Amino acid sequence: GEIYEEMEQFENAIINYQKVIELSPIFKDAWESMLRVESVLEEEFEESITKKQLEQALKYAEKGETEKALEKCESLKTTLPSIASAYVYFGSIFDTLDMLEPAINSYRKAIQLNPESKDAWDNFLSIELALEKEFEESIAKQHLDQALEYANNEERENTLAECEVAKTLMPNLAIAY
């Protein structure tokens, strides 16, 4: 990480610092180095064309111009820096388009990149709460409730059958599993 940072290859530096943190989460120097490099990337991102294009995609989404917003997002995937704020933008665009799975995935990526990103956590939890309410009234939940009833009555085959049906209907949501 330090070598890449010294060479101003910040994306590679972050990848390596993340690997150090994955291997040893208590390695304080790696956290400090990653945050320092992330700060440099954040500053660059604030003035970048990529950010301006993300802002344009968000405007398209807010106007209901779904195709334009998605096209813009697709074209930005390869230039998106590995920083939380870029993925928060992605999440916001998908959230505005009511595409909750990609929004959640974007917020998860932002949290992975920076576990202290308040915007990522706030937006992620907001969607999770909405999906949990939706799940409580879903057909998948009804099948899981039925599976529990079968399990309590020791009806193994019926339990498994209901679980299999529920799995095909369940959102990618922790409470569902």
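Start at 1 with the first residue, then count along the sequence. These numbers come from a predicted model, not from an experiment.
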### Message
With a 4.5 Å cut-off on side-chain heavy atoms, are Glu128 and Ile104 touching?
### Response
yes
### Message
Looking at every heavy atom in both Pro25 and Trp31, which two are closest together, and how far apart are they?
### Response
O-NE1, 2.7 Å
### NZ (Lys51) with more than 12 external heavy atoms under 6.0 Å
yes
## Note on the structure
From the list Gln142, Gln146, His143, side-chain hydrogen bond (donor to acceptor under 3.5 Å, both in side chains) with Glu162 holds only for His143
### Query
Mind checking whether Leu113 and Tyr87 have side chains closer than 4.5 Å, heavy atoms only?
yes
### Message
Any heavy-atom pair between the side chains of Lys72 and Ser75 that's under 4.5 Å?
### Response
yes
### Query
Got a sec: does the CG of Leu129 have more than 12 other heavy atoms crowding it under 6.0 Å?
yes
### Query
Quick one: are Ile15 and Lys19 in side-chain contact, heavy atoms under 4.5 Å?
no
### Task
Could you pull out the closest heavy-atom pair between Val88 and Ser117, with the gap in Å?
CG2-OG, 4.1 Å
### Query
Taking everything shown except Tyr4 itself, do over 12 heavy atoms lie less than 6.0 Å from its OH?
no
#### Entry: Within 6.0 angstrom of Glu46 CD, more than 12 heavy atoms from elsewhere
yes
### Query
Taking atom CG of Leu160 as the centre, does the number of heavy atoms from other residues, nucleotides or ligands within less than 6.0 Å exceed 12?
yes
### Summary
Distance col, row Ile83:CD1 vs Glu43:CD, nearest 0.5 angstrom, shows 10.5 Å
### Message
Could you tell me if the side chain of Ile111 sits less than 4.5 Å from the side chain of Trp121, heavy atoms only?
### Response
yes
### Summary
What one should report as the nearest heavy-atom pair of Ala61 and Ala69 is N-CB, 3.8 Å
### Tyr107 side chain to Ser92 backbone, donor-acceptor under 3.5 Å
yes
### Glu67 side, atom CD; Glu65 side, atom CD - distance, nearest 0.5 Å
11.0 Å
### Query
So with a 6.0 Å cut-off around CD of Glu2, is the heavy-atom count from everything else above 12?
no
### Task
Assess whether side chain to side chain contact (heavy atoms under 4.5 Å, CB included) is satisfied between Phe90 and Lys77, documenting all intermediate values.
CA-CA 9 Å; Phe90 249 40; Lys77 280 184 180 178; 4.0 Å; yes
### Query
What's the verdict on side-chain hydrogen bond (donor to acceptor under 3.5 Å, both in side chains) for Tyr150 and Glu157, showing C-alpha distance, side-chain angles and the deciding distance?
CA-CA 9 Å; Tyr150 284 140; Glu157 285 184 34; over 6 Å; no
#### Entry: Interatomic spacing from CD in Glu132 to OG in Ser138 - rounded to 0.5 Å
12.0 Å
### Task
Would you sort out whether Ser39 and Arg36 count as a side-chain hydrogen bond (donor to acceptor under 3.5 Å, both in side chains), showing the intermediate values?
CA-CA 5 Å; Ser39 175; Arg36 182 180 57 250; over 6 Å; no
### Neighbour count above 12 (heavy atom, 6.0 Å) for Ile26 CD1
no
